[in-house]
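The block underneath contains the structure these notes are about, expressed in structure tokens.
Along the sequence shown, residues are numbered consecutively beginning with 1. Whatever order the structure lists them in is the order used to number ligands and atoms, beginning at 1.
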Amino acid sequence: MRVTDKNIKIVDFDDVLSLCSNYIKNDDSIKLITKAYDFANKCHAGQFRKSGEPYINHLLWVAYFLAQLQVGPTTIAAGLLHDSVEDCGISNTQIASEFSPDIAMLVEAVTKVTQLSEMTQEEFYAENHRKIFIAMAKDIRVILVKLADRLHNMRTLQAQPEEKRVRIARETLEVYAPIAHRLGINTIKSELEDLGLKYLEPDKYKAISSMLSQKETERKALLETMEEKIKSLLAEHKIPYRMSGRVKNIYSIYKKVFIKNRDFNEIYDLQALRIITDSETHCYEILGYIHAMYRPIPGRFKDYIAMPKPNMYQSLHTTIISDDGGIFEIQIRTEQMDQIAESGIAAHWRYKEDIVYDQKQVQKEIEEKLAWFRELVTYSSDADENAQEYMESLTKDIFDANVYVLTPKGRVLDLPNGSTPVDFAYKIHTQVGNSTIGATVNGVLVPLDTPLKTGDIVDIKTSKTNAYPKEDWLKFVKTTAARNAIKKAIIKHLSEINHDEMIDDAKRMIEETSRDLNLDVKEVIKKLENSQFLHDHNADSYEQFLIAIYSKSLNIRNIIEGFKQEEIRKAKKEKEQELILARKAKRKKEISSSHGVIVPGGETVAVSFSQCCSPIPGDEIVGYISKGQGIKIHRKDCPNIANENARLIDLSWDYDYIKQNEQNYYVDIQVSAKDRPLILVDVMNQLSSLKINVSYVNASKHGNSPIGVISLCISVKDAIQLNDVINSIKTNVKDVYDVFRYTKN
Ligand code: MN
């Protein structure tokens, strides 16, 4: 690496490789990184950054930052390739086939985040920042690549036009620095903050840095004196250690001076010293010796070893007054804690050569460790959430998470400063939060808006029946989780109230429509409540049906009009039935129902068919009034009644009755045919094929005549069918001469 100036450094691929070789020993992994470098080098050939340097320099820096965090080879490769889709038109598929789907996925996600950040309109800031959070939260590796990318972009931001500088600086302070902070990657976080400030508030940045440099010599002298004293103290007790002076974070001074209105000198006077040792026990021992030698400032001691910060930061903090009146903030921690303090989550899941990187497993562990991630992903799905409000509360959660309270069973929960028992309740479980009715802190009953302090033991009293929150709580809760849960529960509760109103409204609609259509309301409801009816209308219950009515997914007017039509149909049918019965009753007087013949004069007369001419429907008929045997029905042309005019009455068939009763009638026919063997069988077969019943058959021959006569009595429906039978025999039976009806004497 060539370092010509603090600000002008150039890394080459050998620098990246040598950093990687500190912790990546596998040849294939090194080959993968090299291949990614070659690929990127080829893609971006001829491209330059705004600053004028070759584009590949940017990618080398990104890879270099990632290697400093000791991430795995996949992530470093993704870092080298992260701009190839956006800037070189390489497809994700190409990256997937050239490298791996995993690397392609990482590049795709990083590209998406990059594209999101291109949106510039003011009103979209908040919404866009939220989307960037969400896109990155999918995979910790995406965040790491994006942080490295952003860090280098911030270092070279000067080359961008003013408008873009401000936008990127703002995005850095609102999105990337908070994420780096939450993940405990403090080296990147501090630099991002300072650079962000430099471009967003250039005057204030300059003021602070010049004030710092003015007293630089004085400060250094004070620090060196203190370092000497501590050195001898620790040497005396034979405790291994190393010391480092802390780099001042300009942004943190800016916040204290310009936002919290503190005196610059008060902050400036605070010297910072860090002692790093080999074990937790030694941390506490060192603290003991220092406290024995110097007066600690009350209330400034913090034990982040026993109670780590949510981002896993561990350290002992104390502030002491030196012999010459200087104020020193001293941090004491182990090497491992220091690594986590510097690179946070990246250190915790630091790439290990012999362990296969399981992205899902790592992501799961991260999510478990950082409830913030889960909240982020959960609430991001809430589309109604106001984006600005969301960002504000989220940033607040990220920066203020430093009150540690305990459940009665001793579980430690971290909450933002100023959190109340309600925040605590929601942190335990949404249901606990929703049904909170009171709380005790350290055994004492307190108002629900009481701010909690570290070490408080909080016990929540819940109601078993009244499980919904008060709107008032929104005025004092501090956590995003509680705020969202309360809003949700209130909306749900309101809709439950509305639910009752819906049901009432639906009932009213039913009553009004029924009255409108002149229907009995009770009868209508009875029909609606019928389980088959409900089933037919896709409702599991009457209540559900009512809601469907209210929400207009069913039209109650159509349904009730249907009932009305049904009633009208029913009435009509009843009336028809009555008419039929009446007609039947009337007809009974006129006809002899068993024969299908209409007989004027009533039912008292017995009616029967004559045996001679066997009349069938279709024949013209007359009735012969016999002596003592009622009416005999004959064909009009029957020779047996030819001279009986005085005793005859006109009759007619009742075709309705015949059709309805499928009545059959006997008729006598004769077949004349050539007298040959099997002629009878042939005639019978023909009749059988026509499904004609034969009740009598007789074959006879007159002397030596070659013609035989077959007499049959068959049943038919009417003259039409008889005609068909006659024709069929004539046509189909061989040697038949004639077929005809036959009248007995
Ligand atoms: Mn980039």
Side-chain angles (χ1 to χ4, degrees), residues 7 9-13 15-16 19 33 36-69 71 74-92 94-95 99 103-120 128-129 131-133 135-136 138-161 164-165 167-177 179-180 185 188-189 191-192 195-196 199 346:
N7 295 315
K9 284 188 233 169
I10 296 167
V11 285
D12 53 32
F13 188 57
D15 296 324
V16 174
L19 206 51
I33 294 168
Y37 168 71
D38 290 338
F39 189 90
N41 209 6
K42 214 187 275 170
C43 289
H44 293 279
Q47 292 180 357
F48 293 90
R49 297 276 288 174
K50 279 260 164 60
S51 59
E53 41 177 344
Y55 203 94
I56 192 72
N57 285 10
H58 168 63
L59 304 167
L60 286 168
W61 271 111
V62 169
Y64 189 78
F65 292 144
L66 288 170
Q68 280 184 324
L69 294 173
V71 304
T74 306
T75 313
I76 293 180
L80 285 163
L81 298 168
H82 82 269
D83 280 329
S84 60
V85 170
E86 178 78 358
D87 293 339
C88 310
I90 304 291
S91 73
N92 284 309
Q94 225 172 319
I95 292 184
F99 295 93
I103 290 177
M105 182 280 293
L106 290 175
V107 172
E108 189 182 9
V110 171
T111 305
K112 198 189 165 205
V113 173
T114 308
Q115 285 164 346
L116 278 172
S117 111
E118 289 302 314
M119 222 184 230
T120 52
N128 227 35
H129 288 180
K131 280 184 187 160
I132 292 171
F133 268 115
M136 288 197 292
K138 281 180 186 142
D139 193 314
I140 182 74
R141 296 174 299 172
V142 175
I143 299 179
L144 296 176
V145 172
K146 223 27 228 181
L147 284 175
D149 179 43
R150 181 48 57 102
L151 182 56
H152 187 248
N153 286 340
M154 286 304 287
R155 281 190 184 180
T156 55
L157 197 59
Q158 194 56 52
Q160 296 290 348
K164 200 172 176 187
R165 282 204 299 256
R167 174 175 67 77
I168 291 179
R170 185 172 164 184
E171 192 181 84
T172 300
L173 285 178
E174 287 185 2
V175 178
Y176 292 96
I179 285 187
I185 310 171
I188 290 182
K189 173 222 156 199
E191 197 177 341
L192 286 179
L195 288 168
Y199 291 103

Q) Should L59 and Y37 count as side-chain neighbours, where that means a heavy-atom distance under 4.5 Å? A) no
Q | Validation row: V142, K112 side chains within 4.5 angstrom (heavy atoms) | A | no
Q. For the Mn ion (ligand 1), which protein N/O/S atoms are closer than 2.8 Å?
A. H58 NE2, H82 NE2, D83 OD2, D149 OD1
Q: Check ring-ring contact (aromatic ring centres under 6.0 Å, His included) between Y55 and all other residues, then give those that pass, not counting sequence neighbours.
A: H44, H58
(Q) Just so I know, are the side chains of L106 and V145 near enough to count as touching, which here means a heavy-atom distance under 4.5 Å? (A) no
Q. Do M105 and R141 come close enough that some side-chain heavy atom pair is under 4.5 Å?
A. yes
(Q) Is there a side-chain contact between L192 and L151 in this structure, where contact means two heavy atoms from C-beta onward sitting under 4.5 Å apart? (A) yes
